[in-house]
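Below you'll find the structure, written out as structure tokens, and then a few comments.
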Amino acid sequence: DVITSASELEEFNRTVVSKRTRGTGATLNRADFPRSVLLVAYVMWLPVQGDPLSVVDIKIDGRHVVVNLELNEKPQGREYPYLFAPMTMVALDRSNFPVNGSVLFDFMLDNELQLTVKDDLQ
């Protein structure tokens, strides 16, 4: 997901399945909108253990962004026996993006394209 406002963040938090995040809801709500763009990635995982999902690299090239994620298939930590969505978020400065027009975000997991999101960053 690409989140560009507090209302989009609230909608995301209301509609996304159970997720595990580091930090607190207050931390997520401190995003500096409208100067920031939040990129959110989550993976359905059963059972979830530890913190298996991480952002390893982000490349911004004009209107194209590649978000490289890594999934640790043998994470350390407590195992939860129910469906969870390990989630990671990263805030990017909006000044890194063009002022007008759409931006394509490619979310790569372990070097494989999983999803492309097109957003106008309104």
Scanning both residues in full, the closest heavy-atom pair of G62 with P98 reads O-CD, 3.5 Å
Closest heavy-atom pair, R94 versus P34, reported as atoms and distance to 0.1 Å, is NE-O, 2.6 Å
Starting from L104, can I reach L121 by hopping between I/L/V/M/F/W/Y residues whose side chains sit under 4.5 Å apart? no
Calculate, to the nearest 0.5 Å, the distance between atoms CD and OG belonging to E70 and S54 respectively. 5.0 Å
Checking S7 against E11: is there a side-chain donor and acceptor pair closer than 3.5 Å? no
Quick check: do T116 and F107 have side-chain heavy atoms less than 4.5 Å from each other? no
Is D106 close to V67 at the side-chain level, that is, under 4.5 Å between some pair of heavy atoms? no
Quick one: are V103 and D119 in side-chain contact, heavy atoms under 4.5 Å? no
Rounded to the nearest 0.5 Å, the OG atom of S36 sits from the CG atom of L92 at a distance of 8.0 Å
Quick one: CG on L109 to CD on Q114, what's the gap to the nearest 0.5 Å? 5.0 Å
So CD1 of I60 and CZ of F97: to nearest 0.5 Å the spacing works out to 4.0 Å
Hey, does the side chain of T4 reach the backbone of Q122 with a donor-acceptor pair shorter than 3.5 angstrom? yes
Does any part of the side chain of L53, heavy atoms only, come nearer than 4.5 Å to the side chain of N72, both counted from C-beta? no
Please lay out, stage by stage, how D1 and V117 fare under the test side-chain contact (heavy atoms from CB on, under 4.5 Å). CA-CA 7 Å; D1 284 293; V117 176; over 6 Å; no
For residues M89 and V66: do they belong to one hydrophobic cluster (side chain heavy atoms under 4.5 Å, members Ile, Leu, Val, Met, Phe, Trp, Tyr)? no
A side-chain contact here means heavy atoms from C-beta on lying under 4.5 Å apart; do L38 and F12 qualify? no
Take atom CG of D61 as the centre, draw a 6.0 Å sphere, and report whether it contains more than 12 heavy atoms from other residues, nucleotides or ligands. no
Side chains of I58 and N68 in contact at under 4.5 Å (non-hydrogen atoms): no
Counting neighbours of CG on D120 that are heavy atoms of other residues, nucleotides or ligands and sit closer than 6.0 Å, is the number greater than 12? yes
If you define the side chain from C-beta out and look only at heavy atoms, does anything of V37 sit under 4.5 Å from L39? yes
Can you find a pair of side-chain heavy atoms, one from E112 and one from M108, that are under 4.5 Å apart? no
